[in-house]
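Read through the structure below, which is laid out as structure tokens, and then see the notes.
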Amino acid sequence: MKNPKKPKPDLMVIGWTEYLDLPELGLRQIKAKIDTGARTSALHATNIEPFDRDGKEWVRFQVQPDSNAAEVWVETPIYDRREIKNTSGIAEERIVIRTDLKLIDRSWPISVSLTDRSNMRFEMIVGRTALKHHNIAVHTRRATLTRKNG
């Protein structure tokens with residue numbers, strides 16, 4: 001007997017930039033670039049400090065959700081450490097965390113590397129691995145298609 005396949009969610013068309021939430025980290029309305037050329041998602045973080053909590057590796061870091069907001073401290077378990085190529089193509093070791101990404105009414109876990117993106121236009125990039133298996137299409141000429149008006 002075959003395992004019944006889980007039904008695919010309806011196709012969600014998103015823009016090349018979107019506002020999204022990382023609710024487990026307490027971060028809302030982060031303006032992110034949807035970057036299908038990048039494998040891994042990345043979040044702008046400063047003062048990245050690994051530490052030990054009850055024998056497990058954790059990390060604390062500061063995030064500024066947008067240019068008008070104050071920086072906030074976030075603490076979360078470390079999921080992995082990986083060599084990830086930066087925008088210049090140079091590999092660097094980064095801390096990777098797992099957290100839920102929320103876009104409109106959908107939410108799913110993703111891996112996010114922490115890096116200083118202060119010289120970049122967007123606080124976050126969402127890579128193709130985060131979109132895989134979620135029936136999402138990216139409209140390359142439109143931005144913020146999921147944002148509710150008003």
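When a residue number appears, it is its place in the shown sequence, counting from 1. Only this structure's heavy atoms are used, side chains among them; waters, hydrogens and symmetry mates stay out.
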> Between Lys31 and Lys33, is there a donor-acceptor pair closer than 3.5 Å when you use the side chain of the first and the backbone of the second?
Replying inline: no
>> Minimum heavy-atom separation for Ala143 and Thr17, please, with both atom names.
In response: CB-OG1, 3.3 Å
> Is it the case that more than 12 heavy atoms not belonging to Asn119 sit under 6.0 Å from its CG atom?
Replying inline: yes
>> When you group the ILVMFWY residues by side-chain heavy-atom contacts below 4.5 Å and let the links chain together, are Val13 and Ile136 in the same group?
In response: no
>> Using side-chain contact (heavy atoms from CB on, under 4.5 Å), reason through Thr140 and Trp16 one step at a time and then give a plain yes or no.
In response: CA-CA 5 Å; Thr140 59; Trp16 69 273; 5.6 Å; no
> Ser41 side chain to Gly127 main-chain N or O, any donor-acceptor pair under 3.5 Å?
Replying inline: yes
> Got a second to check how far Ile84's CD1 is from Ile90's CD1, nearest 0.5 Å?
Replying inline: 14.5 Å
> Of the non-hydrogen atoms in Arg81 and Pro50, which two are nearest, and what is the gap between them?
Replying inline: NH2-CB, 3.8 Å
>> To check you understand the geometry: which heavy-atom pair defines the closest contact between Ala42 and Val112, and what is its length?
In response: C-CG1, 4.0 Å
>> With rounding to the nearest 0.5 angstrom, report the CD1 to OG1 distance, Ile125 to Thr36.
In response: 10.5 Å
> Got more than 12 heavy atoms from elsewhere within 6.0 Å of OH, Tyr79?
Replying inline: no
> Has Arg39 got more than 12 heavy atoms of other residues, nucleotides or ligands less than 6.0 Å from its CZ?
Replying inline: no
> Under the side-chain contact (heavy atoms from CB on, under 4.5 Å) criterion, do Met124 and Val126 qualify, and how do the steps go?
Replying inline: CA-CA 7 Å; Met124 183 172 180; Val126 176; 4.2 Å; yes
> Looking at side-chain heavy atoms only, is the closest gap between Glu18 and Leu145 below 4.5 Å?
Replying inline: yes
>> Apply side-chain contact (heavy atoms from CB on, under 4.5 Å) to residues Thr40 and Arg94 and explain how you reach the verdict.
In response: CA-CA 11 Å; Thr40 309; Arg94 291 190 194 164; over 6 Å; no
> Is any side-chain heavy atom of Val74 less than 4.5 Å from a side-chain heavy atom of Arg60?
Replying inline: no
>> Contact between Gln29 and Asp21 at the side-chain level, heavy atoms closer than 4.5 Å - yes or no?
In response: yes
> Below 4.5 Å, heavy atoms only, C-beta onward: do Glu24 and Thr76 meet side chain to side chain?
Replying inline: no
> If you measure from CG on Asp105 to CE on Met12, what distance do you get to the nearest 0.5 Å?
Replying inline: 6.0 Å
> What's the verdict on side-chain contact (heavy atoms from CB on, under 4.5 Å) for Gln64 and Gln62, showing C-alpha distance, side-chain angles and the deciding distance?
Replying inline: CA-CA 7 Å; Gln64 187 174 14; Gln62 280 187 291; over 6 Å; no
> When hydrophobic residues are tied together by side-chain contacts of less than 4.5 Å, even through go-betweens, does Val63 share a cluster with Val96?
Replying inline: no
> Does Trp58 share a hydrophobic cluster with Trp73, counting links as ILVMFWY side-chain heavy atoms below 4.5 Å and allowing steps through other members?
Replying inline: no
> Where is the tightest heavy-atom contact between Arg117 and Phe122, given as atom of each residue plus distance?
Replying inline: NE-O, 3.0 Å
> Between Trp108 and Leu101, is any pair of side-chain heavy atoms under 4.5 Å apart?
Replying inline: yes
>> Can you tell me how far apart CZ (Arg142) and CD1 (Ile14) are? Round to the nearest 0.5 Å.
In response: 13.0 Å
> Can you hop from Leu27 to Met120 via hydrophobic side chains spaced under 4.5 Å?
Replying inline: no
> Are any of the side-chain heavy atoms of Arg106 and Pro9 separated by less than 4.5 Å?
Replying inline: yes
> Going from CD1 on Ile78 to CD1 on Ile95, what distance comes out if it is rounded to the nearest 0.5 angstrom?
Replying inline: 4.0 Å
> Glu83 and Ala91: which non-hydrogen atoms are nearest, and at how many Å?
Replying inline: OE1-CB, 3.5 Å
>> Working to the nearest 0.5 angstrom, can you tell me the gap between Glu57 CD and Asp80 CG?
In response: 10.0 Å
>> Just so I know, are the side chains of Leu43 and Leu22 near enough to count as touching, which here means a heavy-atom distance under 4.5 Å?
In response: yes
>> Check for me, please, whether Leu20 and Ile97 land in the same ILVMFWY cluster - side-chain distances under 4.5 Å, paths through other members count.
In response: yes
